[in-house]
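Here is how names work: the chains are called A, B, and so on, in the same order as the sequence lines, proteins then strands, and each is numbered from 1.
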Amino acid sequence: MTLRLYNTLARSKQDFSPRDEGKVSMYVCGPTVYNHIHIGNARTFLSFDLIRRYLEHRGYDVRFVQNITDVDDKIIRAANDAGVPAAEIAATYSAAFLKAMSDLGVEPPSAQPRATETIPEMIGMVETLIERGFAYAVDGDVYFSVRSFPGYGKLSGRDIDDLESGARVEVDERKHDPLDFALWKSAKPGEPHWPSPWGEGRPGWHLECSVMSEMELGVPFDIHGGGSDLVFPHHENELAQSEAATGRPFASYWLHGGMLNINAEKMSKSLGNFTLLKDVLEAYPAPVLRLLMLQTHYRSPLDFSTERLEEASTAYERFANLVRTIRWHRARPAAGAGAPEGERAALELAVTDARTRFEADMEDDFNSAGALGGLFELARSANGFLSANDAALAPDDLAIIADVETTVVDLLGVLGVTLPADESVPELPEGVVSLSRDVAGYEGTDRDEAADAILAARATARAEKDWARADAIRDGLTALGVRIEDTAAGARVTVSES
RNA sequence: GGCGACGUCGCCAAGUGGCAAGGCAGAGGCCUGCAAAGCCUCCAUCCCCGGUUCGAAUCCGGGCGUCGCCUCCA
């Protein structure tokens, strides 16, 4: 199959063909660390984690680079507000960012360079741009001359003249053109600064991505990613700088993730309508948030709400319950007569279909929503098979449901959606021993034996239609965090995670 | 004002020329002593108007609406 992806530069889907056979080089713009990231930021990082994971699943050796912007106007402002050094703000929120990514289950980048560790290289690129006539220095600042680069506007589909007539560009008499942007900024008192040929100063924002991506990946590299709000001016400027400096194409495929909205409006720190990722993760497991995000295509806008988190939780339970049920059956002897041959064959086909559809959807610009749809269909097929045959399973049947389990776990894993660990043999809480003594007269200390005695006692009560006693036993277990479910093949015990 | 995207069931959302996936919610039924989990059935002709085509949610034109970018922003 051919992987097709939407390239902003081409404004269409294209077949993917990496620079080096079997290898993919990708760069994704990271955060500016002046605050905790919000879930809009998280969505973009999750989208590119999905892309990275799928490329790896597909067999590519992926080199994934993401920067951390640790010197910037916003950091300086946050530092001034808090009365602490800018470096302290950057250090605090860099650490918070790394933890948030880890909590989200995002795979760590192959390299994660920081702006403050790349100053000499950035100065080098500015010098090259001046030498080549694409940039000019004025009073300790250095600007990139957009008119000097013929391709300016090709990524965002803009025309320099149209942009200027838009008239929202700040006027600065020292610039040759209002759209010229800073490569190097002279330092004001109290700001972080580094020595340079133009005096003490700091790099402009766009510069670091150009320098780091080339350092880590070489040019042209394969995939450049970021949120769609970065297309202009950030990525347009990056592209212009890099191609002007190297004389070569910069990146082959530009991928942009859709915005996360709240009440149909973009979530952003400036609008103040943001929810921090860390706060969401305190209330909901990471896989639930990820499932919510992946049910929408990565390029589409996504409306976020607590209600949707609740819905995603329910949907997630479908998968969790399925693998729990399968594991429970697999942990028991399969001495039944077996499911009808036709049903077994149908389930086998459902597994194949789910795998085929997963690949086909993901090959088409990473359509995770479609891919998930296929997995839900497989879940229904498997549940149907089990509910029809759960008391009659034979070894052949176990083999097929095991296949369902690995398919679901593996493919959700490609999407980064993890399922609860195998608890087919749950670790029971200590309280079962004393409960067992109370309700079943158990006198030992083994938890599993105690639980068996409890279940036997409840089974007897149920056989005698002593519902009050049976329910009392169940309530006793519930109080210990042990859930009991009656199935045709016997009572099933699960232990809640918390 | 310029550039761009989108408008599919109550909500969310796939599908980009051949009789409209999936999730959540809802109705009815099955299983169960009850419960939990689950299964079955039901629930849309795709914003509006034209056009192209044997055939369009899918292509073209127009309209209406929403959103994004044009300034820092994932």
Quick one: label [X] by what it contacts on the DNA or RNA (base, sugar-phosphate, nothing), any heavy atom closer than 4.0 Å.
X        : value
A:Arg380 : sugar-phosphate
A:Glu377 : sugar-phosphate
A:Asp486 : base
A:Asp303 : nothing
A:His38  : base
A:Thr44  : base
A:Thr296 : sugar-phosphate
A:Leu292 : nothing
A:Arg458 : base
A:Ile484 : base
A:Gly257 : nothing
A:Ala315 : sugar-phosphate
A:Arg483 : sugar-phosphate

For atom [atom1] of [X] and atom [atom2] of [N], their distance in whole Å:
X        : N     : atom1 : atom2 : result
A:Glu310 : B:C12 : CD    : C1'   : 15 Å
A:Leu50  : B:A74 : CG    : C1'   : 16 Å
A:Met101 : B:A74 : CE    : P     : 12 Å

A:Trp467 over B:G33, stacked by centroid distance under 5.5 Å, angle under 30°: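 Answer is yes, a stack.
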
Ring-face cation contact, A:Phe232 with A:Arg158, 6.0 Å cut, 45° max: yes

Cation-pi check, A:Lys154 onto A:Phe149 ring (under 6.0 Å, within 45° of axis): no

I'd like to know if [X] reaches the base of [N] with its side chain such that a donor and an acceptor end up less than 3.5 angstrom apart.
X        : N     : value
A:Arg357 : B:A21 : yes
A:Asn41  : B:C73 : no
A:Lys269 : B:C73 : no
A:Arg308 : B:C24 : no

Who pairs with [N] - Watson-Crick or G-U, where each distance is under 3.5 Å:
N     : result
B:U32 : none
B:A37 : none
B:C42 : B:G26
B:C54 : B:G18
B:C3  : B:G68

Under 4.0 Å between a side-chain N/O of [X] and OP1 or OP2 of [N], yes or no?
X        : N     : result
A:Arg318 : B:C39 : yes
A:Trp328 : B:A37 : no
A:Lys266 : B:C69 : yes
A:Ser300 : B:A14 : yes
A:Arg158 : B:C69 : no
A:Asn367 : B:G15 : yes

Less than 6.0 Å separating the ring centroids of [X] and [Y]?
X        : Y        : value
A:Tyr27  : A:Phe64  : no
A:Tyr6   : A:Tyr253 : no
A:His206 : A:His235 : no

Interatomic distance at C1', B:C49 relative to B:G28, whole Å: 40 Å

Whole-angstrom distance between B:G38 and B:G4, as gauged at atom C1': 46 Å

Whether A:Trp254 and A:Phe250 hold their rings parallel, tilted or perpendicular, with breakpoints at 30° and 60°: tilted

Modelled atom types, side-chain donor and acceptor of A:Thr478 and A:Arg483, under 3.5 Å: no

Under 3.5 Å: donor-acceptor pair, side chain of A:Glu405, backbone of A:Ile326: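 Absent.
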
